[in-house]
Amino acid sequence: MTTKKLLLIDGNSIAFKAFYALINSLEKFKNNSGLHTSAIYGFNRMLDKVLEDEKPTDVLVAFDAGKTTFRTKLFPEYKGNRAKTPTELSEQFPFIRELVKDRGIKSYELPNYEADDIIGTLAKKAEAHGDYQVVILTGDRDLTQLTSDKTTVQVSKTGTTALEKYTPQYVEEKLGVKPSQIVDIKGLMGDNSDHYPGVEKVGKITAKKLIQQFGSIEDVYQNIDNISGKKLKEHLLNDRDKAERAKVLATIKRDAPVEVALDDLAYQGDDLDQLTNFYEQMGFKSFLSKLGVNKTATAELTSVKYQKLTTANLTELAQFKDEISFYLEMDDDNYHTANLVGFAIGHGDQWFVTNEMALLTSKPVVDILSSSKIQKNVFDAKRTYVGLHRVGIELVNVDFDMLLVSYLLNTTNNSNDVGTVAKLHGFDNIKTDEEVYGKGAKKSIKPETPEFLSHIVHKAKAIDQLHNEMFEELDKHNQTKLYRDIEIKIAFVLAKMEITGIKVNPQTLEQMGSKFKERLAEIEQTIFQEAGETFNIGSPKQLGHILFEKMHLPILKKTKTGYSTSVDVLEKLAPDAPIVQNVLNYRQISKLQSTYIDGLLKVIHPDDSKVHTRYLQTLTQTGRLSSVDPNLQNIPIRSEEGRLIRQAFVPSHNGWQIWSSDYSQIELRVLASITGDANMQEAFREGEDIHATTARRIFGLASNDEVTPELRRQAKAVNFGIVYGISDYGLANNTGISRKQAHQFIKRYFEEYPGVKKYTEDIVDFAKDHGYVETIAHRRRYLPDIHSRNFNLRSFAERTAMNTPIQGSAADIIKIAMINMMTALKPLKTRMLLQVHDELIFEVPEDELETVKKLIPQVMDSAVKLAIPLKVESHWGKTWYDAK
DNA sequence: AGAATCACG
DNA sequence: ACGTACGTGATTCTA
């Protein structure tokens, strides 16, 4: 009498089956971080079914350990024609293992053996033990050879969860032989999919006939003279080696050196906490609800009952005393200039919505929005703040910003659209703006329609309902402080900076513009003469034709579509033909003209002569800001001609100064701090020139040797390379040294800065284990490609793993500094105007210059406490150009 | 709409 | 062997 039931699962083959069963909906199975989840999903569905059907007492999932096994040693071509496992599947394997663990199931793999052999060995042990009944779950018919009185083999059929159950009787009915004879049949016929041959011209039918007649391969050869058919006999004799080898290859090992004991395999059942987390991470709603942890059910948005807000029911708003959710709709992304077209306000099941914008400034509405007692839930606090500010309302006490929280939880798939974000967090039935308003030229908002009112009230309700759940997520990620102490605060700091704006003198730009125009006309004529014809210099295609087809200059680089004519190529070609230098000059000036002269002139507000950029707070993957409409983070500085553009950026009051303070080497200081590298930290503590010190170290100079500018330049490139997640190829490409030399530099670098080397290794391991990396403030970036089989994708993810904590921590630091700065500047007239990643720009009245000289650097360098000090450098002058 | 180019940190 | 530096935005050309 058996008391125990052992379930043995062939992990790889079930994962493959699951993956190919769902191949047509591959892209529908993706989680927040872009990971494909189809095989994980299918695998779990299969687990559910078999656990339910079989109710095992003990379970093990066996995995293949790697490509090489004793079979490949015996026959190197074994499985040699298998296509590479697609990335979309291989990236899922680590998660399938995690799933198995969270479901309370042991897994095992054994180098040199396939999962089959582990299963065969354990099944044999269990049969010998006597107390066990064994069930094997696989996608591979080969395992049916293990069928016995005590062991059934269940093979999953493609495309369904249905299983084909093999008992000894079923094997005989279906195959006409005993389970133990399956390997003899395979020996004679070989196996195409595993890529090993048997006997020539012997297929399924002949093999079966022979084995039925004689019993085994050995018996066939014993009785070789009794075989009818001259050709058959000849083939059998010729391929005897192959047949015997094929039988060995097909035979599952039943005595593999498996280290797990039967006692270790008790089925523990689901680890609810872990499994809930896992399902949430995967976005498995149906599995979550099966667990009874039905979080999404509460989040599901049903029909929203709402009233149209009018002067008549305005007083009903007084019912909201503690908390409201609010959505302000605008007809364009640029909230500095867009029209306000409607708003929705409410909480729980009380909702009000309107397109009558006069009601926004009515007392009951203003009282709520500017109340410090009533908490506000919004989507995009900065946008909402600026929008309300334009009608004279100050938004106070924002608790939940759904856009920000969603971004912090996962930067990858973040969106500015409530509907899209809501979908990411479990709401299925909310429309996106694009669905309601259309897109591109066809976009049209019709504020008077019921559809419009319904849409924005749904958005507000989604914010209201997701608020607790998303805060819980944030807490689980250990990101609550990041949100409350940094992100929500910086939103208002940025809002104020954007509203303040920076004054740009249009006359300065126009004067520069007319000079550029003349220069462009001159250079254009020269280029046409040199080319012998007129053409569009701005067209890479036409320019390529002139340079490479007509003038036959050497083709150094190609793009997808033709010849590359980028700066690095043209600089190399410049000595060959004078036209090239002229093209470079033309390019440079036309860039300045179109982007910075014409571009800026277009966005100067005529009333205050200022530009009001928008900082995108939820876009970058590292936590940096970006700046649009206009982008004030890429105003020229590197070339003197371009730098002149900065003369147009001036203080908004006469006699004031433009002030600029920047962190010196912030990324390398962060690197020194988080890697803990003693040598690099020493350099910063001693106030050394880090690039010179690096040069001394990697080039092995004595302490009194002079570091030539060239050596310093090379060392600087290596320092940068390290921050970007270096490779010899990349370094070589970017600095013009040979790859071999680059390799040598990096080797020396890691010898001199061993802490940095260890960090680069550790951080990649961390990313592989956790699927993400973090900054000092727990900002997270998911890196699903870290598991990719595709070298490019994986390498990119590895470099990102190294770079993101550096770049992102630097971003954290300046954000903290900005928040502190806003407070520190409260008693002053000095205003913070711009942020350019490691630099802050201010306008300062003359009489506060002495104060800010100390104050601004002090606030910046005390933002965080690192292992080494932060250094701040400041410059000021009557224009941005002069602040140098 | 996407590619190429070039502006910044 | 594989083939690349990290993070952005604006403009222009081209399909």
Side-chain angles (χ1 to χ4, degrees), chain A residues 84 411 439-440 535-544 557-571 583-584 586-600 602-603 613-616 619-639 641-643 645-646 662-667 671 717-735 739 742 746 773 781 788-808 810-811 814 834-840:
Chain A
K84 274 195 179 174
T411 53
K439 67 166 173 177
F535 66 100
N536 184 347
I537 306 168
S539 159
K541 199 180 165 190
Q542 294 181 38
L543 179 64
K557 203 164 100 185
K558 286 195 144 196
T559 67
K560 273 184 207 168
T561 51
Y563 314 112
S564 171
T565 65
S566 60
V567 225
D568 53 323
V569 171
L570 295 193
E571 272 168 358
V583 170
L584 281 167
Y586 182 90
R587 282 249 185 94
Q588 193 203 358
I589 295 167
S590 71
K591 173 88 180 179
L592 294 174
Q593 180 79 293
S594 63
T595 305
Y596 298 102
I597 303 287
D598 300 343
L600 274 174
K602 265 184 248 166
V603 291
T613 186
R614 279 151 50 224
Y615 290 104
L616 305 187
L619 181 135
T620 70
Q621 300 303 303
T622 54
R624 274 190 175 184
L625 302 172
S626 85
S627 158
V628 293
D629 279 344
N631 180 358
L632 295 181
Q633 292 181 320
N634 71 346
I635 302 302
I637 188 166
R638 293 175 193 170
S639 79
E641 267 172 316
R643 190 174 198 161
I645 301 279
R646 295 181 172 221
D662 66 281
Y663 283 112
S664 165
Q665 311 290 4
I666 188 165
E667 292 194 345
L671 180 74
V718 183
N719 274 329
F720 269 97
I722 293 290
V723 170
Y724 294 154
I726 200 149
S727 75
D728 50 10
Y729 188 97
L731 181 66
N733 232 350
N734 227 268
T735 57
R739 189 171 160 182
I746 294 166
V773 291
R781 179 174 187 177
S788 175
R789 273 194 156 216
N790 178 319
F791 176 87
N792 278 330
L793 291 178
R794 189 179 63 249
S795 304
F796 184 53
E798 287 169 359
R799 291 197 296 275
T800 312
M802 301 181 216
N803 173 265
T804 296
I806 309 295
Q807 189 183 115
I814 197 164
L834 303 175
Q835 188 250 43
V836 193
H837 309 306
D838 62 357
E839 179 186 7
L840 296 174

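This is a predicted model, so every value here is computed, not measured. Residue numbering restarts at 1 for every chain, and letters A, B, ... go by the order of the sequence lines. Computed over heavy atoms, backbone and side chain alike; hydrogens, waters and symmetry mates excluded.
- The phosphate of C/dT11 (OP1 or OP2) has no side-chain N or O of A/S590 nearer than 4.0 angstrom.
- Rounded to whole Å, atom C1' of B/dC6 lies 14 Å from atom CD1 of A/I645.
- When the side-chain nitrogen and oxygen atoms of A/N792 are compared with OP1 and OP2 of C/dC2, none of them lie within a distance under 4.0 Å.
- Nucleic acid contact class of A/L592 (heavy atoms, under 4.0 Å, all strands): none.
- The distance between atom CD of A/Q593 and atom C1' of B/dT5, rounded to the nearest whole Å, is 17 Å.
- A close approach under 4.0 Å does not occur between any side-chain nitrogen or oxygen of A/R789 and OP1 or OP2 of C/dC2.
- As judged by a 4.0 angstrom heavy-atom cut-off over every strand, A/R587 is placed among residues touching the sugar-phosphate backbone only.
- An OP1 or OP2 oxygen of C/dT14 is reached within less than 4.0 angstrom by no side-chain nitrogen or oxygen of A/K541.
- For A/L543 and C/dT12, the CG to P distance is 17 Å, given to the nearest whole Å.
- Distances from the side chain of A/S564 to the nucleotides B/dT5, B/dA7, B/dG9 place B/dT5 closest.
- Not counting sequence neighbours, the partners of A/T622 by the side chain to side chain donor-acceptor pair (under 3.5 Å) test are A/Q807.
- With a 3.5 Å ceiling on both atom-pair distances, the Watson-Crick or G-U wobble partner of B/dG2 is C/dC13.
- Rounded to whole angstrom, the span from the CG atom of A/D728 across to the P atom of C/dC2 amounts to 14 Å.
- Using a 4.0 Å heavy-atom cutoff across all strands shown, A/I637 reaches sugar-phosphate atoms only and no base atom.
- One can place OH of A/Y663 at 19 Å from C1' of B/dC8, the figure rounded to the nearest angstrom.
- Of the N and O atoms on the side chains of A/N790 and A/S788, not one donor lies less than 3.5 Å from an acceptor on the other residue.
- Between B/dA4 and C/dT4, the distance separating the two P atoms is 13 Å to the nearest Å.
- Distance noted for atom P between B/dA3 and C/dA5: 16 Å (whole Å).
- A/R646 contributes a side-chain N or O that, together with a main-chain N or O of A/I635, makes up a donor-acceptor pair within less than 3.5 Å.
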- request: Between protein and nucleotides 5-10 of chain C, map the contacts as a letter string: B base, S sugar-phosphate only, - none, heavy atoms under 4.0 Å, written 5' to 3'.
  value: BBBSBB
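- One can place NZ of A/K557 at 12 Å from C1' of C/dT4, the figure rounded to the nearest angstrom.
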